Amino acid sequence: MRRGLERAELRGRITQLWRSEFALRTGQHWREENLDCVVGGTSVAFERHGKHLLWKLRHESEDVGVVIHLGMSGRLTVAQGADARAPHTHVIVQMSDGRELRFVDPRRFGGMKAARWEELRSTPPLVDLGVDALDPSFTGAYLYERAGASQRILRDVLLDQTIVAGIGNIYALEALFHARLHPLLRAARLRASAWERLVDAVSRVLQQGIRNGGTTFRDYRGAAGELGMNQRQLAVYGRAGLPCLVCGTSLEGFVSGGRSGAYCPHDQRRPRGRVA
DNA sequence: CAAGAATCCTGAATGC
DNA sequence: TGCATTCAGGATTCTT
């Protein structure tokens, strides 16, 4: 998403902001959305930390930013002002060149908020996030330090954005498969070498996802509206009951914490048989 | 503390 | 065909 927006080269000035009558994510961090403060600003760059997109703007010699989270069904697209608005369009940022950045989100689990750049980086939700999953400082040693004593299952450790930011259910399950680790294994039972393996697998599945333009089951689209292709490469997510692509064993499904998952009972064995 | 459930929403798919 | 139920790339908040 970030790369697609960067490619769109939104270098003009923000002339106006339009919002639908519906709120996006409500809750502590998004309460003071302050979106109107971007009007008059000029786009500088799009950055990212985990699943949070950061739009950096210059406004009267001051750095201002917008944090965007797509939630489950959020989409950002760059459109011409005259283009028809998709259903569930909730925010439109109009640019001086006639283009618009549009936030479309049927379920409204996504969020947007604006503030001065430094404030944005030093307050929730950004300040609560762990290291980015693709940052070189995300290492086996780091994960061991943060989760090595935890009784939580590995899948949930990977989903905890305060430990490592940027991994969702799909990529967590895929990474565990590639690291040959059981998703329901308690974190405290892992050895140092396995943590390294897991970090390596996370990096590989995320980079593959980016190369393939994202994973589109239903809602995800790139900045130009294009579909992702990564759903074709998934080894375990959504494949419970189907044969493992490596060994042919029927993949096992599970539900934990209200979220479903799958793994190969042959390739992702539990070290000592006991599990969650 | 941490694990689990309920919650915020809509739409697609499935079941009867 | 129509209506009800279930489930979904997420995160927060409350309860146990």
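Keep in mind the model is a prediction, meaning the values are calculated, not measured. So that the names make sense, note that chain A is the first sequence line, chain B the second, and so on, each numbered from 1.
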Under a plain distance cut-off of 3.5 Å, with no hydrogens placed, do A/Ser203 and A/Gln207 share a side-chain donor-acceptor pair? yes
Under-4.0 Å salt bridge between A/Arg11 and A/Glu9: no
Do the charged groups of A/Asp156 and A/Arg259 touch, with an N to O distance under 4.0 Å? no
When you check the gap from the basic side-chain N to the acidic O, do A/Asp63 and A/Arg58 get nearer than 4.0 Å? yes
Which nucleotides of DNA chain B pair, in dot-bracket form (Watson-Crick or G-U under 3.5 Å, | meaning another strand): .|||||||.|||||||
For DNA chain C, note the earliest and the latest nucleotide, 5' to 3', having some atom under 4.0 Å of a heavy atom belonging to chain A. C/dA8 to C/dT13
Separation of A/Arg218 CZ from A/Met72 CE (nearest 0.5 Å): 9.5 Å
By salt bridge (charged side-chain N to carboxylate O under 4.0 Å, His left out) - contacts of A/Arg204 (at least two apart): A/Asp200
Torsion-based syn/anti label for C/dG9, 90° from 0 as limit: syn
Roughly how many Å apart are B/dC9 and C/dC14, using the P atom of each and rounding to a whole number? 16 Å
Going through the checks in order, is the side-chain contact (heavy atoms from CB on, under 4.5 Å) test met by A/Val131 and A/Tyr142? CA-CA 9 Å; A/Val131 60; A/Tyr142 170 84; 3.2 Å; yes
Between B/dC1 and C/dA11, how far apart are the two P atoms, rounded to whole Å? 22 Å
With sequence neighbours excluded, residues passing side-chain hydrogen bond (donor to acceptor under 3.5 Å, both in side chains) with A/Gln151: none
Let me have a per-nucleotide readout for nucleotides 4-15 of chain B, 5' to 3', with B, S or -, counting only protein heavy atoms under 4.0 Å. ----BBBB----
Taking salt bridge (charged side-chain N to carboxylate O under 4.0 Å, His left out) as the definition, give me every residue that meets it alongside A/Arg152, ordered by chain and number, with sequence neighbours left out. A/Asp160
